[in-house]
Amino acid sequence: MDNKLIVYNSLSRKKEEFKPINSPLVGMYVCGPTVYGDAHLGHARPAITFDLLFRYMKHLGFKVRYVRNITDVGHLENDADEGEDKIGKKARLEQIEPMEVVEYYTARYHREMDKLNVQRPSIEPRASGHIIEQIELTKKIIENGFAYESNGSVYFDVEKYNKQHKYGILSGRVLDDLYSNTRDLDGQSEKRNSFDFALWKKASPEHIMRWPSPWSDGFPGWHAECSAMGHKYLGDEFDIHGGGMDLLFPHHECEIAQNTASTGKNTVKYWIHNNMITINGQKMGKSLGNFITLEDLFNGTNEVLEKAYSPMTIRFFILQAHYRSTLDFSNEALQAAEKGLARLLKGVETLEKLKPSNQGNIDAKELKNNCYQAMNDDLNSPIVIAHLFDALKTINSIEAGKETIDTENLNVLKEAFNLFLFDILGTQKETQNTATNNEVLKDVVDMVLNLRMQAKTNKDYATSDFIRDELTKLGITIKDKKDGFEWEM
RNA sequence: GGUACCUUGGCCGAGUGGCUAGGCACCGGUCUGCAAAACCGGCUACGGCGGUUCGACUCCGCCAGGUACCUCCA
């Protein structure tokens, strides 16, 4: 089978065949969370998008080193609190150590990602653990003449860089446009140009997160960590760098500049960006205050939520849209995802029970190929899901006796259905009700339903309907079969 | 203001120069004592106006509306 994986490269703005620099080894770096608040729906998108890519590349036989950072320093805030570090601010407000904040939210981030069945990256480095590397990066850039020190801080000289290399190759920005387009920011006077960005920032006396450096006691600049850690774990040149589209400029643009200025190499072959999740057509984001945390989603504890949505519902909801499209949040859409996924998962059980015929009219290989084709076309998970629904129809038709399938095709069908639904899309059966694992309860419900069967045999429908209604109220759904019954909670 | 992108049926969402995904909802039918589930069928859309074309939802232009980035954000 030829599996040509095609991915959309933000750098070329085209779909390109994915050819690793050093196949079968693949290096992938994805921008992770800044751990100063709970993860929200927006964080789930890149996590799931790149989890999908990670899983699929591994399935194709690539040996992937997946690095996703934890940002726990830097990232100045720029609203009311001029130049205060996000982590530091939170720590001051809560009267705790910055690293306490980091630990707390990192643990919570992991917990939510685990629930979403997002596989842990191969390496999850922290910015605070790589201050030395970031200082080295800064030194190198100064050495190469693309940065200057000013009042204890170090800034990247964008104009000079732009003369030798081109600044703006990722975002399409032109430096001339940036001249007329800037605002007054902290440290403006220290910079030669307003669009120069910090590699190292001198800490003000009240700034609690600080490290020594050749230039000052301070902290690394906004974009340094990804360059430093990407370089450390993946080398001068690696295959994939991912993140949200909102990071494209300035973050990723600055990373490219740093990489090129320090190593002379372009570093990243494929830039991949996921689109945003919107709510009422507007980006869901921290600064807009219109975000819903994953915890709220899972518990249903937010005013805009009509009910709680399980982690797998969220995962499926996200996968039902292509990663480069915006995805609009709504209760209706979430509930549609919930029901659709439940049907697919039930299909897995039905599939297990199917009996093959000597002859069949089902071609399962086609399904399998269709799914591969969809994945290969820039990870088109919605199409994969559409094919799975087609397969579901087939499965149900076979069970209903309207279609037949031979042993070989049944095996292929089982293999492909499970492969794509579980291994690649990464959904899983939810172990929602511990009650269904309770043997006593099972026996009791079976006993009551046997009584109901008797009532039905005696045509005592008043009793049988009463039993069904009461069990329904308790959340138990009954399905009468030809000879017997099934139930589920 | 600059740059990029988007506009698909009740809702969510794929996609293609002609063959009109999929899900959810809704409506009919089959099955069932009645249901549920399942199956069959229906609802068959591509912002507006022009242009290119034998033919455009798909290409081009204009207009309208919306979004993102330009400052931290996934």
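The basis for the numbers below is simple: all heavy atoms, side chains too, and nothing from hydrogens, waters or symmetry mates. The chains referred to below are lettered A, B, ... by the order of the sequence lines, with proteins before strands, and numbering in each begins at 1.
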Can you check the A/F485 CZ to B/A38 P distance for me, whole Å?
20 Å
Audit row: A/D51, A/R55, salt bridge (charged side-chain N to carboxylate O under 4.0 Å, His left out) steps and yes/no
CA-CA 6 Å; A/D51 186 51; A/R55 286 166 180 269; 2.8 Å; yes
Using the C1' atoms only, state how far B/C24 lies from B/U30, rounded to an integer number of Å.
23 Å
From C-beta outward on A/D390, which listed nucleotide comes closest to its side chain: B/G22, B/A14, B/A38?
B/G22
What integer number of Å spans the C1' atoms of B/C63 and B/G28?
43 Å
Would you mind classifying the nucleic acid contact of A/D328 as base, sugar-phosphate or nothing, using non-hydrogen atoms under 4.0 angstrom?
sugar-phosphate
Using atom C1' of each nucleotide, how far apart are B/G9 and B/A14 to the nearest Å?
14 Å
Can you tell me, in whole Å, how much space there is between the P of B/C40 and that of B/C46?
27 Å
Using a cut-off of 4.0 Å on non-hydrogen atoms, how would the nucleic acid contact of A/K459 be classed: base, sugar-phosphate, or nothing?
nothing
The side chain of A/I383 lies closest to which of these nucleotides: B/C12, B/A21, B/G33?
B/A21
In whole Å, measure the gap between the C1' atoms of B/U16 and B/C59 for me.
12 Å
Any idea which of B/C24, B/A68, B/C69 is nearest the A/L288 side chain?
B/A68
If you compare every side-chain N and O of A/R468 against the phosphate oxygens of B/C34 (OP1, OP2), does one of them come in below 4.0 Å?
no
Backbone of A/K283 reached by a side-chain donor or acceptor of A/N290 within 3.5 Å
yes
Gap in Å between the two P atoms, one belonging to B/U58 and one to B/G51, rounded
14 Å
Is the distance from OP1 or OP2 of B/G15 to the nearest side-chain N or O of A/N380 less than 4.0 Å?
yes
Quantified in whole Å, what is the P atom distance between nucleotide B/C54 and nucleotide B/G2?
38 Å
B/C69 phosphate, OP1 or OP2: any side-chain N/O from A/K283 under 4.0 angstrom?
yes
Just compare B/G23, B/C12, B/C69 and give me whichever is closest to any side-chain atom of A/R173.
B/C69
d(NE2, A/H273; P, B/C73) in whole Å:
12 Å
Which part of the nucleic acid, if any, lies within contact of A/L327, taking any heavy atom under 4.0 Å across all strands shown: a base, the sugar-phosphate backbone alone, or nothing?
sugar-phosphate
With both distances under 3.5 angstrom, what nucleotide forms a Watson-Crick or G-U wobble pair with B/C31?
none
At under 4.0 Å, does any side-chain N or O of A/S325 touch on OP1 or OP2 of B/A14?
yes
SB check A/D480 A/R452 (cutoff 4.0 Å):
yes
Using the side-chain heavy atoms of A/A336, tell me which of these nucleotides is nearest: B/G13, B/C24, B/C73.
B/C24
Using Watson-Crick or G-U wobble geometry with both distances under 3.5 Å, which nucleotide pairs with B/A4?
B/U67
Have a look at A/E338 and say if it touches a base, only the backbone sugar-phosphate, or nothing, with a 4.0 Å heavy-atom cut-off.
nothing
Are A/Y309 and A/E338 linked by a side-chain donor-acceptor pair shorter than 3.5 Å?
no
Look at all strands and tell whether A/D480 reaches a base, only sugar-phosphate, or nothing, counting heavy atoms closer than 4.0 Å.
base
What contact category does A/G42 fall into here, base, sugar-phosphate, or nothing, at under 4.0 angstrom with non-hydrogen atoms?
base
Whom does B/C62 pair with, Watson-Crick or G-U wobble, provided both distances fall under 3.5 Å?
B/G48
Separation of A/Q320 atom CD from B/C11 atom C1', in whole Å?
12 Å
How far does the C1' atom of B/G33 sit from the matching atom of B/G41, given to the nearest Å?
26 Å
Shortest side-chain distance from A/K479, nucleotide among B/A4, B/A36, B/C69
B/A36
Students often get this wrong, so: under 4.0 angstrom with heavy atoms, is A/A333 touching a base, only sugar-phosphate, or nothing?
sugar-phosphate
By salt bridge (charged side-chain N to carboxylate O under 4.0 Å, His left out) - contacts of A/R108 (at least two apart)
A/D38, A/E295
Between A/R468 and A/D465, is the closest basic N to carboxylate O distance under 4.0 Å?
yes
A/K481 or A/A386, whichever maps to the more 5' nucleotide of RNA chain B
A/A386
I would like to know whether A/E486 and A/K353 meet salt bridge (charged side-chain N to carboxylate O under 4.0 Å, His left out); could you show each step before the answer?
CA-CA 14 Å; A/E486 276 182 5; A/K353 287 187 278 188; 3.4 Å; yes
Taking atom C1' of B/G22 as reference, at what distance in whole Å does atom CZ of A/R343 sit?
11 Å
Expressed as a whole number of angstroms, how long is the span from A/E253:CD to B/C73:P?
15 Å
Among A/L248, A/V7, A/I240, A/I256, the one residue meeting side chain to side chain contact (heavy atoms under 4.5 Å, CB included) with A/W271:
A/I256
Applying a 4.0 Å non-hydrogen cut-off, can you work out what A/H387 is touching in the nucleic acid: base, sugar-phosphate, or nothing?
nothing
Looking for any heavy atom pair under 4.0 Å, which part of the strands does A/F389 touch: base, sugar-phosphate only, or nothing?
sugar-phosphate
For a quick check of understanding: with a heavy-atom distance under 4.0 Å over all strands, which category does A/L247 fall into, base, sugar-phosphate or nothing?
sugar-phosphate
Nearest to the side chain of A/A400, heavy atoms from C-beta on, is which of B/C69, B/A38, B/G22?
B/A38
Opposite nucleotide pairing with B/A37, Watson-Crick or G-U, both atom distances under 3.5 Å:
none
What is the nucleic acid contact for A/M276, judged by heavy atoms within less than 4.0 Å: base, sugar-phosphate only, or nothing?
base
Heavy-atom nearest nucleotide on RNA chain B taken for A/Y461 and for A/G285; more 5' hit belongs to A/Y461
Nucleotide nearest A/R452 (side chain, heavy atoms from C-beta), chosen from B/G33, B/C70, B/A4
B/G33
Hey, are A/K115 and A/E112 close enough for a salt bridge, meaning a charged N less than 4.0 Å from a carboxylate O?
yes
Nearest to the side chain of A/E332 - B/G33, B/A68, B/G10?
B/G10
Is a side-chain donor or acceptor of A/S153 paired with a backbone partner of A/K201 at a separation under 3.5 angstrom?
no
Over how many whole Å does the gap from A/M245 atom CE to B/C70 atom P extend?
14 Å
To the nearest Å, how far apart are A/R315 CZ and B/G23 C1'?
18 Å
Only pairs with both distances under 3.5 Å count, Watson-Crick or wobble alike; so what is the partner of B/C26 in this structure?
B/G42
Looking only at side-chain N and O atoms, does A/R324 come under 4.0 Å of OP1 or OP2 in B/C5?
no
B/C40 phosphate, OP1 or OP2: any side-chain N/O from A/K402 under 4.0 angstrom?
no
Please report, rounded to the nearest Å, how far the P atom of B/C73 is from the CG atom of A/N275.
17 Å
